[in-house]
Amino acid sequence: MLRVDFGVLGEICAWVNGQAIELGPARQRSVLAALLVKVNQPVSLDQLTDCVWGEDPPRRPTATLQSYLSRLRTSLPAAWDGGIRRSGGGYLLRADESAVDLHRFRDLRNRARTGDDATAERLYEQALDLWRGEPFADLDTSWARAQRHVLQGERLAARLAYHDVRLRRGGHAALLGALESLAAEHPLDERPAAQLILALYRSGRQGEAFQQYERIRKRLAADLGVDPGPDLRMLHHQMLTAAVAPAPAESAPASTPASAGVVVPRQLPAPPPVFVGRPRELATLDDALTGDTTDRVAMISAIGGYGGIGKTWLALYWAHHHVDRFPDGQIYLDLRGFDAGNAPMPVETALRLLLSALGADPAAVPQRPEEQTALYRSLSARKRLLIVLDNARDTAQVVPLLPGTPSCTVLVTSRNQLPGLIAGHDARHVPLDVLDAAEARRLLLHHLGSERVDAEPEAVAALVERCAGLPLALSIIAARALMSPWLPLASLAEELRAESTRLDALDAGELSADLRTVFAASYRALEPEAARLFRLLALHPGPDIPPPAAASLMGADARRPMAGLVRAHLVTEHAPGRFALHDLLRDYATERAYAEDTEAERDAALRRLLDHYLHTAHAAALLFYPNRRAIELTEPLAPGAVPVVLRDQQQAADWLAAENQVLLWAVRRAADAGLATHAWQLAWSLADFLNRQGRWQDILTTQQAALEAARDQDDLVAQCRAHQTIARTHLRLGRYDDARLHLDQALDLAGRLGDLALQARANHSLTMVFSAQKRHSQALAHAQRALELYRDLGDKSSTADILNSVGWEHAELGHHREAIDHCEQAVALFEALGDPYGQAAALDSLGYAYHRAGDHDQAVSRYRHALRLFREAGDRMEEAACLLNLGDTHRSAGDEAAARQEWRAALDILDEIDRPGDDPVRTRLAARLGLTGDR
């Protein structure tokens, strides 16, 4: 049956039985568009003229229109029962309205408005799927622009109605990406803003929900001079009072693909360029992971326990061929279980990477690994995810990373068999042996081509035998052959036979293949600079290295030698600009480095690498936190070291996030190498970044390494700074005795050095410790001493900070006038310095001072100003503390309901960011609300 369909929701199109037909030039398509908008209704010649030319028609528009209409009739099939007809003084297009996407869209939308939610969701999705882009996209007339404006309004209304239905059905998580985009496109429209706020709140991102409300409230005030409407204000009130209706369970099936607007993780490395054999293993994976089973965990291990056998390639090959089964994303983690020279990835680090891939806010991630696992399982629940855990060390490393729902599929690779995973979690075991002779020959055939392989069958057989079926060895020797097309394969086979030494076995006994011989053959074929870079890569911890770090290792441009290593298959570029070295090759590189490079050469390369990370991290810290009191890098940059040039805060944040695991290694490596200055300055450069992410243990680990190195080198300045940072971290965790112990040592060291800045900082920190312990007279004494020192030093930022502390301690001691005076000075100085975060802290103290003085109206005003600034800065802990104080003020003013509202909001924040149960703010809130134990 002949079917003709038309489209205006995009470019003007027509299809005959699904095949597009030519519709002529733009004005001819304008005629068709006008007829389609009023399908089965007559359109006068005057109306057609206006649609095509607007206010500037030609001298004889009727003749031209008739020409367009005649050509349109010719382009449509003669056997079709519809078509263009004369009607009165104009023309009409006769067709089934459902054949025109515009009318089908309106019909589906109208039916969705009257159906139940399940039906409405399906109909709205069908309606919105009809849109191919902007309506009338290829027409630029006044009529087309007016139609486009109307239809875009209809589309927006349908999208909003669809989102309302999805939100009612519990689809908040899947909608977040689309809602964020829509709210950004319509910044003054309260309806998409309200939908986004509700979705954020129901997704456990309450802080971002409040920030979004503040954002549109300010935008409406600035651009229109109005407050949010009643619906948005009601939603805000319901969030503050925890009265938002809970989300129903998502009623769509678990296999429903993610919304087009939602960003899902796509982390799989590239598939193997050549893959042969493994039919039984692939069939086992198909059966284990795509069949109708309740547990979807498979574990690929190596028989004999050695690397290079193709575990990762098998996993990636299977994953890429089944990617469509996992619409909610694919996550990949290299657990570094057998990474030469480096410890396996800690479970906490792996969990943070998994949570980051699932969109979790780093600042809201719990500290305890078991709670991180719980959050990970909550975020992955009911999602169709593929999680590839590559190179696992043991069962203990894997178990916390397993999701809690059978909708997810987990693929684990390891050199070990992980019997605990098989027995305790019903994982399907896929043991992987070397390739047989036929498969190994096929792999060489894929690499080298039939002409070269068939020409030397005996040499090929020798290569197969001496590579012992190990895919990595076969790929490397094939690369060697490709790089030297004139070289007979027999010569390569002889090279493998002649080398007498062996690469030491890993874990499970000796290798049947002479891997060192294979590696040596490729290594000897390298140009000198590429060979040198290969050796130096052993000094880098991995898991990968970018070009500036490689250049710093070499002390020269590394692009050409790196390209040589990639061509030789000794290094892989697994992501743009990120180069990785297989762990067996790292072993071999380490051997060659110790055999061929002097200790002085290795030390110089390490120094250049650490300089690269130190100078880049220092620059990133100053960009990311411009008001921080900076340290000077006292050690000159080593010749040949190449720091990354960072231009703005976003680049700084991206670099710190990408390199943070290597930076943690760099602190420890610098300490081990006796480079105390590098160790403590790297730790300093990382401290604020780690602090903002709530990674307290990483701060303590890096600072302790810096402290030990500083003691070994008798560097008193470095010791003092490390003690102070450790103390502030203990203070954050409520460990006041530990904080005081380190601060007493810091103050002693600063006195011995005669360093006023370090003395001021130590006194400042002691102020916070004594204040937290309610020892306000001692806190005030240390604050006043710090104030004197900061003023002598001319340090305005620190002066403003300590003025705030002096004011707070006066308020605690009942010195109201002194408290208000010092806090007002702090607010003014922070404002002059352009530091809104410091201003927020001072406003919070000023609110407290007014509260203690009995001026509740002034206190509330200052607290609300501070809250806005804390929310803009994203400091949830200070926001909670400010809400606690605001609630106290309301209670003192006699408004118990308002007080409880603020306290409840503060407690919700603490729950969200996982502050410990003995946190002083939580303790005070529980007392205010009459809570004991779990809420």
Side-chain angles (χ1 to χ4, degrees), residues 172 193-194 196-218 227-228 230-247 361 363-364 366 694 837 840-841 843-848 850-851 856-857 859-917 919-935:
H172 45 275
L196 174 58
I197 291 167
L198 179 60
L200 288 168
Y201 190 90
R202 284 181 170 173
S203 299
R205 295 161 64 177
Q206 288 92 340
E208 293 176 62
F210 282 109
Q211 288 176 348
Q212 187 67 28
Y213 177 85
E214 282 298 305
R215 198 169 292 126
I216 190 168
R217 186 192 64 77
K218 290 180 178 179
D227 291 325
D231 291 344
L232 198 54
R233 292 201 307 272
M234 176 59 72
L235 175 60
H236 183 241
H237 175 74
Q238 289 173 337
M239 291 193 301
L240 288 172
T241 58
V244 175
D361 181 356
Y837 186 81
L843 283 163
D844 180 73
S845 298
L846 185 57
Y848 185 67
Y850 274 120
H851 176 198
H856 299 131
D857 290 341
V860 168
S861 172
R862 299 313 192 278
Y863 280 137
R864 293 209 179 280
H865 191 180
L867 272 175
R868 289 197 297 273
L869 294 175
F870 280 136
R871 284 168 180 161
E872 289 172 3
D875 192 321
R876 309 305 312 287
M877 187 58 209
E878 292 300 334
E879 182 183 347
C882 189
L883 284 166
L884 166 59
N885 293 328
L886 179 57
D888 289 350
T889 303
H890 282 309
R891 169 176 277 183
S892 296
D895 191 343
E896 183 72 18
R900 295 185 71 82
Q901 176 179 310
E902 307 297 357
W903 294 332
R904 178 63 64 177
L907 196 55
D908 287 343
I909 290 172
L910 296 185
D911 286 343
E912 180 187 341
I913 65 177
D914 191 46
R915 289 294 291 184
D919 177 84
V921 176
R922 180 185 290 278
T923 301
R924 289 171 60 198
L925 282 167
R928 302 292 194 276
L929 291 165
L931 300 171
T932 57
D934 294 336
R935 288 204 304 158

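On a predicted model such as this, the values are computed, not experimentally measured, just so you know. FYI, side chains are in, hydrogens and waters are out, and symmetry mates aren't considered; it's all heavy atoms of this structure.
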Quiz item: Of the non-hydrogen atoms in L883 and A906, which two are nearest, and what is the gap between them?
Solution: CB-CB, 3.7 Å
Quiz item: Given E208 and Q212, is the side-chain contact (heavy atoms from CB on, under 4.5 Å) satisfied, shown in steps?
Solution: CA-CA 6 Å; E208 293 176 62; Q212 187 67 28; over 6 Å; no
Quiz prompt | Non-hydrogen atoms of E878 and Y837 that approach each other most closely | solution = CG-OH, 3.6 Å
Quiz prompt | Check against side-chain contact (heavy atoms from CB on, under 4.5 Å), E879 and Q211 | solution = CA-CA 11 Å; E879 182 183 347; Q211 288 176 348; 5.7 Å; no
Quiz item: Nearest heavy-atom pair of R891 and R928: which atoms, and what distance?
Solution: NH2-O, 3.7 Å
Quiz item: At their closest point, which heavy atom of S203 faces which heavy atom of H172, and how far apart are they?
Solution: OG-CD2, 3.4 Å
Quiz item: Closest heavy-atom contact between A209 and I197?
Solution: CB-O, 3.6 Å
Quiz prompt | Option from L886, L884, D888, L843 for which side-chain contact (heavy atoms from CB on, under 4.5 Å) with Y863 holds | solution = L886
Self-check item: R205 side, atom CZ; F210 side, atom CZ - distance, nearest 0.5 Å
Solution: 15.0 Å
Exercise. Could you tell me the separation between the CG atom of D857 and the OG1 atom of T889, rounded to the nearest 0.5 Å?
Key: 10.5 Å
Quiz prompt | Distance (rounded to the nearest 0.5 Å) between R864 CZ and R868 CZ | solution = 9.0 Å
Quiz item: Got a second to check how far L196's CG is from R215's CZ, nearest 0.5 Å?
Solution: 8.5 Å
Self-check item: Heavy-atom pair of closest approach, residues A840 and A866
Solution: O-CB, 3.4 Å
Self-check item: Inter-residue atom distance H856.NE2 - H890.NE2, 0.5 Å rounding
Solution: 11.0 Å
Quiz item: CZ of R904 to CD of Q901: how many Å apart, nearest 0.5 Å?
Solution: 11.5 Å
